[in-house]
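Working notes for the structure below.
Computed from a predicted structure; not experimentally measured. Side chains included, hydrogens not; waters and symmetry mates left out as well; all remaining heavy atoms used.
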Amino acid sequence: MADVEQHEGNIQLQGLNLFYREVLPGGGQAARFSVLLLHGIRFSSETWQNLGTLHKLAQAGYRAVAIDLPGLGRSKDVAAPAPVGELAPGSFLSAVVDALELGSPVVISPSLSGMYSLPFITAPGSQVRGYVPVAPICTDKIKAADYASVKTPALIVYGDQDPMGQTSFENLKQLPNHRVLVMKGAGHPCYLDKPEEWHTGLLDFLQDLA
């Protein structure tokens with residue numbers, strides 16, 4: 001198992017104090033690029049730590065950074081920039097990326113976090129290397145023209161037992177440069193139901209972006 005380095009802390013942005021944790025390649029190895037992991041309403045950055053996703057990403061040479069979204073996890077006392085289910089300003093994730101010096105990251109966005117990621121990736125001039133939506137909310141709030149303008153490669157992931165996954169896919173398939181990973185027998189948090197399939201599919205996608 002390759003060595004990795006772990007850190008956690010808080011970032012200050014837009015008057016907010018957000019918790020984050022990150023895992024980096026060890027031994028002084030330079031990271032290929034950054035991967036920003038968001039989460040659903042019942043989860044937090046700890047989900048990605050416990051699942052092993054952060055470690056697997058770092059072992060594969062990536063800088064893996066997971067934040068606790070406003071009002072959740074260890075950012076639970078932070079006021080969200082928009083009500084749940086409404087699109088947050090794209091400037092919110094842009095400020096997160098700047099504060100953490102992520103450069104042009106890949107963004108992993110399950111469920112609730114769609115309210116943050118979709119305005120970010122569809123913003124004009126958005127610097128995103130890749131997008132991995134996992135049955136995100138708010139896909140119906142993005143215009144067809146805005147989807148069509150996104151040149152970022154996307155891996156659309158959902159479980160075939162998740163009605164929200166199919167519904168979100170009907171909108172996300174408007175992304176011009178996408179591939180799809182449907183996990184058989186998996187529900188809404190499909191990465192928890194099928195972690196090996198999730199990690200394999202994710203790492204294959206990232207490898208193609210390198």
Side-chain angles (χ1 to χ4, degrees), residues 11-20 34-45 47-48 65-100 102-159 162-178 180 188-191:
I11 52 170
Q12 302 283 337
L13 69 150
Q14 300 179 341
L16 308 176
N17 188 30
L18 283 184
F19 175 80
Y20 75 95
S34 298
V35 180
L36 174 63
L37 298 97
L38 309 178
H39 61 83
I41 196 166
R42 294 185 294 117
F43 305 104
S44 69
S45 63
T47 304
W48 299 120
V65 182
I67 64 169
D68 284 4
L69 290 166
L72 301 167
R74 289 164 71 174
S75 301
K76 64 179 179 295
D77 296 329
V78 177
V84 170
E86 298 297 324
L87 294 174
S91 58
F92 175 79
L93 271 193
S94 181
V96 169
V97 169
D98 289 346
L100 289 166
L102 298 180
S104 179
V106 172
V107 178
I108 297 176
S109 179
S111 197
L112 167 89
S113 67
M115 63 181 279
Y116 294 98
S117 65
L118 286 163
F120 177 59
I121 68 148
T122 55
S126 180
Q127 298 297 308
V128 183
R129 184 183 294 263
Y131 184 46
V132 186
V134 187
I137 67 170
C138 292
T139 58
D140 58 335
K141 299 181 185 298
I142 302 296
K143 297 175 183 175
D146 291 333
Y147 277 123
S149 70
V150 177
K151 307 308 179 197
T152 302
L155 174 66
I156 301 170
V157 183
Y158 64 96
D162 176 22
M164 187 187 294
Q166 183 61 46
T167 301
S168 65
F169 172 67
E170 291 304 316
N171 295 309
L172 291 168
K173 69 182 181 183
Q174 298 175 83
L175 291 166
N177 187 6
H178 76 264
V180 184
H188 188 51
C190 55
Y191 43 88

Atom pair [atom1] ([X]) and [atom2] ([Y]), whose distance is rounded to the nearest 0.5 Å:
| X | Y | atom1 | atom2 | answer |
| --- | --- | --- | --- | --- |
| I156 | S168 | CD1 | OG | 8.0 Å |
| I41 | M115 | CD1 | CE | 9.0 Å |
| L93 | S117 | CG | OG | 7.0 Å |
| F19 | S44 | CZ | OG | 8.0 Å |
| L175 | Y147 | CG | OH | 6.5 Å |
| D98 | Q127 | CG | CD | 10.5 Å |

Within the side chain of [X], is there an N or O that forms a donor-acceptor pair under 3.5 Å with the backbone of [Y]?
| X | Y | value |
| --- | --- | --- |
| S94 | G90 | no |
| S75 | D68 | yes |
| Q166 | M164 | no |
| Q174 | N171 | yes |

Sequence-distant partners of K141, salt bridge (Lys or Arg N to Asp or Glu O under 4.0 Å), two or more places apart: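 Counting only residues at least two positions away or on another chain, K141 forms no salt bridge (Lys or Arg N to Asp or Glu O under 4.0 Å).
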Criterion side chain to side chain contact (heavy atoms under 4.5 Å, CB included) on I142 and L87, from CA distance to verdict: CA-CA 9 Å; I142 302 296; L87 294 174; 4.0 Å; yes
Nearest non-hydrogen partners of [X] and [Y], listed with the distance:
| X | Y | answer |
| --- | --- | --- |
| T167 | T139 | O-OG1, 4.5 Å |
| V134 | C190 | CG1-SG, 3.6 Å |
| G85 | C138 | O-SG, 3.4 Å |
| G114 | S109 | N-OG, 3.5 Å |
| P176 | V150 | CD-O, 3.2 Å |
| A82 | A88 | CB-CA, 3.8 Å |

Are the side chains of [Y] and [X] in contact, using a 4.5 Å heavy-atom criterion?
| X | Y | value |
| --- | --- | --- |
| P136 | L172 | yes |
| W48 | V65 | no |
| L38 | I67 | yes |
| H39 | L69 | yes |
| V96 | F120 | no |

Parallel, tilted or perpendicular, as decided by the 30° and 60° cut-offs, for the rings of F169 and H178: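 H178 vs F169 ring planes: perpendicular.
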Pair Y191-I108, side chain to side chain contact (heavy atoms under 4.5 Å, CB included): steps then yes or no: CA-CA 11 Å; Y191 43 88; I108 297 176; over 6 Å; no
Verdict with supporting geometry, N177 and Y131, side chain to side chain contact (heavy atoms under 4.5 Å, CB included): CA-CA 10 Å; N177 187 6; Y131 184 46; over 6 Å; no
Stepwise side chain to side chain contact (heavy atoms under 4.5 Å, CB included) check, V132 with V35: CA-CA 10 Å; V132 186; V35 180; over 6 Å; no
